[in-house]
Student: 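Take a look at this one; I'll ask things after.
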There are 2 protein chains.
Amino acid sequence: MNEPKKTPTIQDVARFAKVSTATVSRALSIPSKVSEATRARVSEAVRVTGYTLNQTARSLRQRTARTILVALPDIRNPFFSSILDAIEREATLRGYGVLVLNLYFGRQTVVQLRDFLLSNRADGLLLLDGAFDVSQLQVVDEQRAPVPVVVACEEIPKSGFHTVLTDNGEAAERATRHLIDLGHRRIGHLLGPEHNIVARERHAGFNRALEKAGLKPVAEWCLRGNFEMESGFAAAGRYMSLPHRPTAFFAANDESAIGFLSGLRQYGVTCPRDISIVGFDDLGVAPHYDPPLTTMRQPREALGRMAAEALIDMIEDPNMLPSSLRIVLRSELVVRESTGRPAAPDDGAPS
Amino acid sequence: MNEPKKTPTIQDVARFAKVSTATVSRALSIPSKVSEATRARVSEAVRVTGYTLNQTARSLRQRTARTILVALPDIRNPFFSSILDAIEREATLRGYGVLVLNLYFGRQTVVQLRDFLLSNRADGLLLLDGAFDVSQLQVVDEQRAPVPVVVACEEIPKSGFHTVLTDNGEAAERATRHLIDLGHRRIGHLLGPEHNIVARERHAGFNRALEKAGLKPVAEWCLRGNFEMESGFAAAGRYMSLPHRPTAFFAANDESAIGFLSGLRQYGVTCPRDISIVGFDDLGVAPHYDPPLTTMRQPREALGRMAAEALIDMIEDPNMLPSSLRIVLRSELVVRESTGRPAAPDDGAPS
DNA sequence: GAAAGTATTGAAATCGATTGCAGAGGGCCT
DNA sequence: AGGCCCTCTGCAATCGATTTCAATACTTTC
């Protein structure tokens, strides 16, 4: 009685209910195909034996794992974690499990990711990283059925994957435009990581806004950064050493904007009096920072949810989606107190 | 040639290498048991066929999923996400996948969590939520082999589970002590969620520190909160309406501390001039907030890593761990600028 | 009342690996 | 030469479900 009992299987249920395993299986998954009486006997048997489905066995037979794999660069990043959250909700709703995989390790992880997918542990991949080199992920043109993939957040240019993302370039343009509308003429940009596609798009959007307003981009006003607070903090020093300083900055994201502001405080530069800053992401802390941060809010929940939806749709019916799906979600400017009119009348680029 | 080829199985490899599937299996997992020549033929066959292991089939046979399930209250919370990150690293290192499950839905999720575990999709559970009602999770006293469980972050009092956590009470005591040492006598506490064990322990630690210093706890100085920024923000209003205001606060976590500070700014109360605040967690933004936040830093990476280690150890050898493991990690006070001496000499509780 | 259709069930194959057992072959010892 | 041990390999069972196919009983229809 106290020995480690084996977990009950469908065989045990069948024996107890005096039916075949086939009938038990049907009673549980297609009740309409089984008579009332049998169904009751099976239910009772399940109750008594304490039977629970062995998902592994089902997966093997049905060739589906009812699991999706989410690969992302960094779970700690609040931007990703809130998307992951939305993905998890949607997946759970539709009966899918969520496997997560960090992508720190570069090359090694590619192999791992590939094996993961090809090992039937997951039915599809949700990739949250455009920097990822997909050519190494020989999942597509392999001599086997293609694995469903959806790329979210960042676009992988000619990969042909379904994509769900936000309007990074356009949003950056609007953020910058906001600064211009306030009267700023000397506007700088705190860059994101050099090889990150999202960062590049935001940079491009920034440039477009300047151009449309007839402002010349000034190379020294684009300060190096990498989305992290420390990089913004470090950029403050470089800002101070500029001969002709911008009165406003568009930061590639909120984190670097916060680091930047924090660094500027060290030099006695106050926002928005001396400088205006607009960020990107609308992190949770943005409204409670000092000053509350003007920023572009990305629809993170929608992004995660729609990406998960698309992936699961594709898994459940590969023909359901159009050959190439590309959803672009619109970000929203949230004006708070980190942006204002420039102190002095402003005459544009340095002489 | 262009038809959807089936993914190659071990049978295909065996056929190509002209050996049995048993030999292929051994060549891949116990190479020492196979002759040099055969091993080479198998390798070649694997290369040519493009074979990858079907983990599901292996799992079924070996009765292990090489996957752990991490259940947590909220992935978005940066505290949890960084622990999840550490867990993922450790698990990956040891060849385990990580399934995540949010626990929003209360009752429904319990059932789900239970099925998840009993369905052989995961070999063990890492639970990051002490508020969770484990009695419903009939995994322990079921009439079957017990599922390995490790509880991290929060303790579940008499559950008998292995536990890895930080010294919440003791750390809260030290945080409060820091305020006392600075000369504060009127010290308040911004509470965490009422039924959260961690919050209670911090509250208890707070009280102990006061007591040891001969200070009487004042009920009105404990402001309601729930770990979220908004709750801290709201608490600021209640603070302002106190007849006799504390000169220092110990906030149950950084987020609520930040919300509180943000709320206080609305009333022109400046930190640390008018009030000192110490938080808990050392969020990424803490050093870059204005003022930089004094806080208790929890060893989050270590916590996640050790919890994952313990769980995987338990999975791989149930007899390896002592009957009851309880690891307590020490938090560290990080003094920044949100705490200072009280402005006026301070004489303790109101008359 | 016979034929056709429908509802219900079971036997057995199947998914793709691992593994216990046994057999073949070779080397070594007595 | 015979016996023993060791290495290498294959056969076939096994993990726990699903699913095809066929058989049976029961209705319905003409």
Side-chain angles (χ1 to χ4, degrees), chain A residues 5-43 45-46 49-67 115 117-123 144-145, chain B residues 5-43 45-46 49-67 115 117-123 144-145:
Chain A
K5 278 192 198 166
K6 282 182 34 190
T7 65
T9 74
I10 202 172
Q11 323 282 345
D12 301 321
V13 177
R15 200 174 312 123
F16 189 94
K18 299 196 201 314
V19 293
S20 72
T21 61
T23 300
V24 175
S25 176
R26 281 188 287 252
L28 297 177
S29 46
I30 335 169
S32 68
K33 300 221 101 188
V34 167
S35 75
E36 176 86 31
T38 313
R39 217 182 308 151
R41 283 227 309 291
V42 170
S43 298
V46 166
T49 54
Y51 168 76
T52 52
L53 175 72
N54 182 323
Q55 176 65 39
T56 305
R58 170 184 278 182
S59 290
L60 177 59
R61 179 66 228 244
Q62 295 188 327
R63 310 155 139 275
T64 54
R66 292 197 77 77
T67 299
D115 285 351
L117 273 179
L118 300 181
S119 75
N120 286 51
R121 293 174 74 151
D123 302 322
R144 50 173 66 180
Chain B
K5 278 194 195 164
K6 282 180 37 190
T7 66
T9 72
I10 202 172
Q11 324 281 343
D12 301 319
V13 177
R15 199 173 313 124
F16 188 94
K18 300 198 200 315
V19 293
S20 71
T21 61
T23 301
V24 175
S25 176
R26 281 187 288 251
L28 296 176
S29 46
I30 336 169
S32 66
K33 300 220 106 196
V34 168
S35 76
E36 177 83 31
T38 311
R39 216 184 306 154
R41 283 227 310 291
V42 170
S43 300
V46 167
T49 54
Y51 167 78
T52 52
L53 175 73
N54 182 323
Q55 177 65 38
T56 306
R58 171 185 276 183
S59 289
L60 177 59
R61 179 65 227 243
Q62 295 188 328
R63 311 156 141 278
T64 54
R66 292 197 76 77
T67 299
D115 284 351
L117 273 178
L118 300 182
S119 74
N120 286 50
R121 295 174 73 147
D123 302 322
R144 51 173 66 182

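Excluded from the calculations below are hydrogen atoms, water molecules and symmetry mates; all remaining heavy atoms, backbone and side chain alike, are included.
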Student: Please report the shortest heavy-atom distance between Asn120(B) and Ala65(B), naming the atom on each side.
Tutor: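 Here Asn120(B) and Ala65(B) meet closest at O-CB, 3.6 Å.
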Student: Using side-chain heavy atoms (C-beta onward) and a distance below 4.5 Å, is Thr23(A) in contact with Ser25(A)?
Tutor: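 With C-beta onward as the side chain, the pair stays apart.
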Student: Please check if any side-chain donor atom of Arg121(A) sits under 3.5 Å from a side-chain acceptor atom of Thr67(B), or the reverse.
Tutor: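 Yes.
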Student: Testing the basics here: between Ser20(A) and Ala14(A), what is the closest heavy-atom pair and its distance to 0.1 Å?
Tutor: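 That would be C-CB, 3.8 Å.
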Student: What I want to check is whether the side chains of Arg58(B) and Ser119(A) have a donor and an acceptor closer together than 3.5 Å.
Tutor: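 Checked: Arg58(B)/Ser119(A) side chains show no N/O donor-acceptor pair below 3.5 Å.
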Student: Do Ser43(A) and Val46(A) have side chains that approach each other closer than 4.5 Å (heavy atoms only, starting at C-beta)?
Tutor: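 Of all side-chain heavy-atom pairs linking Val46(A) with Ser43(A), none is under 4.5 Å.
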Student: Can you check whether Val19(B) reaches Val24(B) side chain to side chain, under 4.5 Å on heavy atoms?
Tutor: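 A side-chain contact under 4.5 Å exists here.
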Student: Quick check on dT9(C): is either OP1 or OP2 less than 4.0 Å from any side-chain nitrogen or oxygen of Thr23(A)?
Tutor: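 Checking dT9(C) against Thr23(A), no side-chain N or O comes under 4.0 Å of OP1 or OP2.
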Student: Determine whether the side chains of Ser59(A) and Thr56(A) contain a donor N or O and an acceptor N or O closer than 3.5 Å.
Tutor: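 There is no such pair between these side chains.
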Student: Separation of Arg26(A) atom CZ from dG10(C) atom P, in whole Å?
Tutor: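 Those two atoms, CZ and P, are 8 Å apart.
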Student: Using a cut-off of strictly less than 4.0 Å between a heavy atom of the residue and any atom of DNA chain C, enumerate the qualifying residues of residues 28-42 of chain B by number.
Tutor: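 Within residues 28-42 of chain B, no residue comes under 4.0 Å of DNA chain C.
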Student: So, do Val42(B) and Val34(B) sit near enough that their side-chain heavy atoms are less than 4.5 Å apart?
Tutor: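 A side-chain contact is absent here, since even the closest heavy-atom pair is not under 4.5 Å.
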Student: Give a yes/no answer on whether the side chain of Ser59(B) brings an N or O atom under 4.0 Å of OP1 or OP2 in dA17(C).
Tutor: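 Negative; the distance criterion is not met.
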Student: When rounded to the nearest 0.5 angstrom, what is the spacing between CG in Leu60(B) and CG in Asn54(A)?
Tutor: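 If I round to the nearest 0.5 Å, the distance is 6.5 Å.
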Student: Would you mind reading off the distance between Gln62(B) atom CD and dT19(C) atom C1', rounded to a whole angstrom?
Tutor: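 The answer, rounded to whole Å, is 10 Å.
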Student: How large an angle, rounded to 10°, do the end axes of the helix from dG1(C)-dC30(D) to dT30(C)-dA1(D) enclose when each is built from five base pairs?
Tutor: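 Result, rounded to 10 degrees: 40°.
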Student: What closest approach, in Å, do Leu28(B) and Tyr51(B) show between heavy atoms, and which atom pair accounts for it?
Tutor: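 Scanning both residues completely, I find the closest heavy atoms to be CD1-CE2, 3.7 Å.
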Student: Between Asn54(A) and Val19(B), name the one whose nearest nucleotide on DNA chain D is closer to the 5' end.
Tutor: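 Residue closer to the 5' terminus by nearest nucleotide: Val19(B).
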Student: So where does chain A start and stop touching DNA chain D, 5' to 3', when the test is distance under 4.0 Å to a non-hydrogen atom?
Tutor: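 Range of nucleotides touched by chain A: dG16(D) to dT20(D).
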Student: Rounded off to whole Å, could you give me the CZ-to-P distance for the Arg121(A) and dA17(C) pair?
Tutor: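 To the nearest whole Å, that distance equals 14 Å.
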Student: Base, sugar-phosphate, or nothing: which does Thr9(B) touch, judged by heavy atoms less than 4.0 Å apart?
Tutor: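 Sugar-phosphate, no base atom in range.
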Student: Taking the nucleotide of DNA chain C with the closest heavy atom to each, which residue, Thr56(B) or Ala22(B), is nearer the 5' end?
Tutor: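 On the 5' side of the pair lies Thr56(B).
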